[in-house]
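Right, one structure below, let's go through it.
Starting from 1, each residue takes its place in the sequence as its number. As the structure is a computational prediction, the values presented were derived from the model and not from experiment. Values below: every heavy atom of this structure, side chains too, minus hydrogens, waters and symmetry copies.
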Amino acid sequence: MKNKFIVIEGLEGAGKTTAQQVLIDVLKQQGIQDMVFTREPGGTPLAEKLRTLIKDGIDGEQVTDEAELLMLYAARVQLVNTVIKPALAHGAWVIGDRHDLSSQAYQGGGRGLDRQLMDSLRQTVLGDFTPDLTLYLDVLPETGLQRARSRGALDRIEQESLDFFHRTRARYLEIAASDPTILTVDANGTPQQVATALTDTLTHWLAENC
């Protein structure tokens with residue numbers, strides 16, 4: 001099988017960590033062992049420092065929506081150029097916890113930033129580089145946030161209003177509906193139900209695309 005770049009997306013509490021383990025298990029069953037794992041924002045020393053700024057903010061200073069977006073893209077291009085592209089070039093499968101779709105949904109949908117700005121920035125920074133497959137875990141914001149709160153303290157973005165997450169989810173669904181490389185999985189059920197749906201979705205995709 002030719003190696004691929006696969007991304008897991010979703011709101012807080014969608015179950016991305018569990019989905020990653022399901023993905024690993026399915027790939028191993030296919031005989032795939034060489035995998036590289038990334039997360040966004042983060043994944044390199046520079047990107048991890050930006051992650052802290054994005055997640056925690058700066059005491060006494062409000063992070064503007066535009067500054068947040070630019071930090072995300074700075075972290076992303078650093079990760080893509082120094083980790084993801086080299087790993088793909090060496091034949092590894094890359095499994096990403098979030099990628100550009102997150103910015104399109106959270107900053108474009110949740111924050112309401114201008115679509116032309118979002119498209120221009122994405123094209124400038126990433127060009128034609130996109131994942132081979134994105135697994136979007138669709139969860140109701142109320143359900144996802146309840147799960148997130150059960151894990152502990154919420155970060156700066158997780159503390160946003162419920163309306164923010166409804167806007168974010170709406171943008172996720174809008175983009176997924178028009179992009180055949182994004183497959184939506186219902187993540188509102190039990191962990192076992194979600195795992196079964198993910199396994200079926202990924203197995204079918206691998207059979208058709210690898």
Is the count of non-hydrogen atoms from other residues, nucleotides or ligands lying under 6.0 Å from Gln33 atom CD greater than 12?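 Atom CD in Gln33 is packed in, count exceeds 12.
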
Using a 3.5 Å distance criterion without hydrogens, assess whether the side chain of [X] forms a donor-acceptor pair with backbone atoms of [Y].
X	Y	result
Arg51	Gly42	no
Ser150	Arg147	yes
His204	Asp200	no
Thr143	Val139	no
Ser120	Leu117	no
Asn188	Leu140	yes
Gln107	Leu113	no
Gln159	Leu154	yes

For Met71 and Leu53, run side chain to side chain contact (heavy atoms under 4.5 Å, CB included): C-alpha distance rounded to whole Å, both residues' side-chain angles, the deciding distance at 0.1 Å, then the answer. CA-CA 8 Å; Met71 286 192 289; Leu53 289 173; 4.0 Å; yes

I need the [X] [atom1] to [Y] [atom2] distance, nearest 0.5 Å.
X	Y	atom1	atom2	answer
Leu121	Glu66	CG	CD	11.5 Å
Ile54	Ile157	CD1	CD1	7.0 Å
Ile182	Tyr136	CD1	OH	10.0 Å
Leu137	Lys16	CG	NZ	8.5 Å

[Y] and [X], any side-chain heavy atoms less than 4.5 Å apart:
X	Y	value
Glu142	Phe165	no
Leu27	Trp93	yes
Met35	Val94	no
Tyr172	Ser102	yes
Leu202	Leu206	yes
Asp97	Glu40	no
Leu135	Leu198	yes
Ile6	Leu23	yes

Polar contact flag, side-chain donor to acceptor under 3.5 angstrom, His99-Gln104: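 Gln104 and His99 do not have a side-chain donor-acceptor pair below 3.5 Å.
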
For the pair [X] and [Y], find out whether any cationic side-chain nitrogen is under 4.0 Å from an anionic carboxylate oxygen.
X	Y	result
Arg111	Glu160	yes
Asp25	Lys28	no
Asp155	Lys55	yes
Arg156	Glu68	yes

List the steps, then state whether side chain to side chain contact (heavy atoms under 4.5 Å, CB included) holds for Thr38 with Ile84. CA-CA 8 Å; Thr38 64; Ile84 297 177; 4.0 Å; yes

Joint cluster assignment, [X] & [Y], ILVMFWY side-chain distance < 4.5 Å:
X	Y	result
Tyr106	Ile175	yes
Leu133	Ile8	yes
Ile58	Leu70	no
Leu11	Leu101	yes
Val125	Leu88	yes

List the steps and the verdict of side chain to side chain contact (heavy atoms under 4.5 Å, CB included) for Asp138 and Thr184. CA-CA 7 Å; Asp138 182 47; Thr184 300; 3.8 Å; yes

Looking only at heavy atoms, what is the nearest atom pair of [X] and [Y], with distance?
X	Y	result
Ala75	Leu50	N-CD1, 3.6 Å
Gly57	Val63	CA-CG2, 4.1 Å
Thr199	Thr203	O-OG1, 2.7 Å
Arg169	Pro141	CD-CD, 3.8 Å
Ala187	Val194	CA-CG2, 3.7 Å
Tyr73	Met118	OH-O, 4.3 Å

Arg98 and its side chain to side chain contact (heavy atoms under 4.5 Å, CB included) partner, picked from Glu9, Arg39, Arg76: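 Looking at Glu9, Arg39, Arg76, the match for Arg98 under the side chain to side chain contact (heavy atoms under 4.5 Å, CB included) is Glu9.
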
Can you check salt bridge (charged side-chain N to carboxylate O under 4.0 Å, His left out) on Arg151 and Glu158, steps first, answer last? CA-CA 12 Å; Arg151 298 195 303 253; Glu158 290 171 337; 3.7 Å; yes

Would you check, one step at a time, whether the test side chain to side chain contact (heavy atoms under 4.5 Å, CB included) holds for Val83 with Thr44? CA-CA 8 Å; Val83 176; Thr44 77; 3.8 Å; yes

Parallel, tilted or perpendicular, judged at 30° and 60°: which one describes the rings of Phe129 and Phe5?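 Parallel, since the angle between the ring planes stays under 30°.
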
Which residue pairs pass the salt bridge (charged side-chain N to carboxylate O under 4.0 Å, His left out) test with at least one member in residues 173-184, sequence neighbours excluded?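 Of all non-adjacent pairs touching residues 173-184, those that pass salt bridge (charged side-chain N to carboxylate O under 4.0 Å, His left out) are Arg115-Glu174, Arg171-Glu174.
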
